[in-house]
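Protein chains get the first letters and strands the later ones, always in sequence-line order, with residue 1 at the start of each. These numbers come from the heavy atoms of this one structure, side chains and all, not from hydrogens, waters or symmetry mates.
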Amino acid sequence: MAAADEFGVLTKAFTGLGVDEKSLISILGKWHPEHKQSFRKTTRDIFIEDERQFERWDDRHVQKLQQEFLRFKDAVVLWTMHPWERDARLLWEAVYKGPKYGILVEIACTRSSEELLGARRAYHSLFEHSIEEDIAFHIHSFEKKLLVGLVSAYRYEGPKYGEEVAKSEAKILKNVIKDGAKKLHEEEEIVRILTTRSKLHLKAVFKHYKETSGNYLDEDLGDHLILKQTVQCLCKPETYFTEVLDVSLKGIGHDFAKEALTRVIVTRADVDLKLIKEEYHHLSGFTLSHKIEEIANGNFKDFLLTLIARGDQEN
Amino acid sequence: MSTLIVPPHVPSVAEDSEQLHKAFEGWGTNEHLIISILAHRNAGQRRAIRHAYAETYGKDLLKDLDKELSSDFERLVLLWTLDPPERDAVLTDEATKKWTKSNQVLVEIACTRPSKGLILVREAYHSRFKRSLEEDVAYHTTGDFRKLLLPLVSSYRYEGDEVNLRLAKSEAKILHEKIKGKHYSDDDVIRIVATRSKAQVNATLNEYKNEFGSDIIKDLEHDDDNEFLPILKATFECLVYPENYFEKVLREAINKRGTDEGALTRIVATRAEVDLKIIKDLYHKRNSVPLHRAIVKDTHGDYEKMLVALIGEDDA
């Protein structure tokens, strides 16, 4: 391989999602000091000219790179962990290293009632508090009531629901939204309906809302991201997860977007990743595997692709 | 401490089931037989008897009891025979559908049961009523009451003994400030009482007493006109002094003109296998008369006999 090509390959190995361990080994492993210096001098994105005449590795890049090396390990740990512990730890991080409302909504609303209960139990063991007491104490914003309610729910999961009640609750939501209140997430009836009704009941509410207003409930709640996410997570999680993937794969380079890619694939691999894949393809025109091939590297990439392929086996 | 007396040699489940079936035969019912069996079996045994009865006779024991018995006696036998989580589900369903501002049953069940117990109640509620307890509570209650009751029935409190004293001090201060300002349904008050562990709430109330010299329960008694206050007071009592709370409810049920059978039945049926002995002793201490004497004075017939058997005072 020509030197310039090698520089290109190595740069790619260092940037993007995950690290291309094979290329690092095969290229770096055989380079002499002059090659490495040449690489440093020409790759201005990563190395900067220090006043004391040496090419210094940009601090931020080193930190990002450390994260990228860890990305495979993090994915493996997340995958291997018991789902209850995994979700409890994700909840804790969302409260204490955030607050990240999206993740709180995601876990509270996309897990089954038993899975959420398990996560709450694991939270007791790990952190000696209940998740609801920590959210109530640390989150001061208006979203608190909604979040505490969502995480405390133990929703009925059977087939029965009240058609008439669903119709009337769709009407209630229509009126509240039409009144155009600024703080919709504080509206008592919205919080009551979203935090206590069963998912089947809510799907019926969603359907009646569309039939009577012509709009999709989650779109009408669009100004209040947390409400939109709540409705999506409860009624059509594939849509929610597809949007999360889309944002993270567009390389909007925030760390939480990259972490989201790992989280979505690892937590949905055995649940509804197949549906999510289909919806992603429909939305973006690309397959999920194709996108990941494009922007991810090394073991991290291989691991994600393996998880994605799992869903296909259940054809 | 349970007051339930189970004989050392219990007949087989098949025998018990057969005897109960006999008790329904012919004209009338042999209530004595029903009491002598059911009032002396624990939850696991009662469950096994129900199962055997259904297998042998193809009928639900509870339905047959319902058909054969009536009024207070029937209600006590039915509530008693149910599995504890199911029993609580039935009680919370009634309390929700016929909810009034003075009804304390939801607080009682949400706050005196252990965390896992409350989850079992919610599970039983799903099975029986095809809805969640919290959705019914949210739908049937309003205003400040909903604000308190919904998180109470949804709680899954940490059950460890660990206590954070610094937090207890700061939350005692918050409670004191809000109570003084009569902001009884303030967000922080609800947060503390609905999410903290029982040990933490207990520590907070101790700090309250240390710092401000008075018992929070006493401080919550000053506003007679406020309808919300008794519920808030009951919440603290149930969390931290449940036996005192139950003794008080029993005392008021018995002293009430005409007797509040609903409350009497509920307390005896729900606590007989838990802590009725402690409540009994407290009752005796507070009222200078043993509980069974007060019950005998106030009730009669098979209802009285069943109550007395459950509190461990029949000589059967």
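Note: B/Y156 and A/H124 have tilted aromatic rings, judged against thresholds of 30 and 60 degrees for the angle between ring planes.
In this structure, B/R122 fails the cation-pi test against A/Y156, since its NZ or CZ atom is not both closer than 6.0 Å to the six-membered ring centre and inside 45 degrees of the ring normal.
Using a 4.5 Å cut-off between heavy atoms, B/Q200 does not touch chain A at all. The part of B/L167 that comes within reach of chain A is its side chain, from C-beta onward, which places non-hydrogen atoms under 4.5 angstrom from that chain. No part of B/S127 comes within reach of chain A, as not one of its non-hydrogen atoms sits under 4.5 angstrom from that chain. If you measure heavy-atom distances from B/I119 to chain A, the contacts under 4.5 Å come from both the backbone and the side chain. Neither the backbone nor the side chain of B/N164 comes within contact range of chain A, judged by heavy atoms closer than 4.5 Å. For A/I193, no part lies under 4.5 angstrom from a heavy atom of chain B. Using a 4.5 Å cut-off between heavy atoms, A/Y123 makes no contact with chain B at all. Both the backbone and the side chain of B/E134 have a heavy atom closer than 4.5 Å to some heavy atom of chain A. For B/F129, no part sits under 4.5 Å from any heavy atom of chain A, backbone or side chain. Proximity to chain A (any heavy atom under 4.5 Å) is restricted, for B/R191, to the side chain, taken from C-beta onward. Heavy-atom distances place both the backbone and the side chain of A/R197 under 4.5 Å from chain B.
Heavy atoms of other residues, nucleotides or ligands lying less than 6.0 angstrom from NZ of A/K210 number more than 12. Environment of CG in B/D187: crowded, with over 12 heavy atoms of neighbouring residues, nucleotides or ligands closer than 6.0 Å. Annotation: B/K173, atom NZ; neighbour count of heavy atoms from other residues, nucleotides and ligands within 6.0 Å does not exceed 12. The 12-atom threshold is not exceeded at NZ of B/K63, counting heavy atoms of other residues, nucleotides or ligands nearer than 6.0 Å. By the neighbour-count criterion of 12 heavy atoms within 6.0 Å, atom NE2 of A/H82 is densely surrounded, having more than that number from other residues, nucleotides or ligands. Around atom OH of A/Y216, no more than 12 heavy atoms belonging to other residues, nucleotides or ligands sit under 6.0 Å away. Crowding of B/Y139 atom OH: a count of heavy atoms from other residues, nucleotides or ligands under 6.0 Å not exceeding 12.
Distance check, rounded to the nearest 0.5 Å: CD of A/E133 to OG of B/S197 gives 6.0 Å. The distance from the OG1 atom of A/T195 to the CG atom of B/L150 is 6.0 Å, given to the nearest 0.5 Å. Rounding to the nearest 0.5 Å places CD of B/E135 at 13.0 Å from OH of A/Y161.
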(request) Carefully, step by step, assess A/Y154 and B/H126 under the rule side chain to side chain contact (heavy atoms under 4.5 Å, CB included). (result) CA-CA 9 Å; A/Y154 186 33; B/H126 284 173; 4.0 Å; yes
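Look at A/E188 and B/R146 and you find a salt bridge, because one of the NZ, NE, NH1 or NH2 atoms lies within 4.0 Å of a carboxylate O, short of that distance.
Put simply, of A/E132, A/R121, A/E128, the one with the most heavy-atom pairs under 4.5 Å next to chain B is A/E128. Across A/R155, A/R120, A/E157, the residue that shares the most heavy-atom pairs under 4.5 angstrom with chain B is A/R120.
Applying the side chain to side chain contact (heavy atoms under 4.5 Å, CB included) test to B/T270 and every residue at least two apart in sequence or in another chain returns B/R87, B/D88, B/L91, B/R113, B/R266.
In terms of heavy atoms, B/A138 sits closest to A/T196 at CB-CG2, 3.9 Å.
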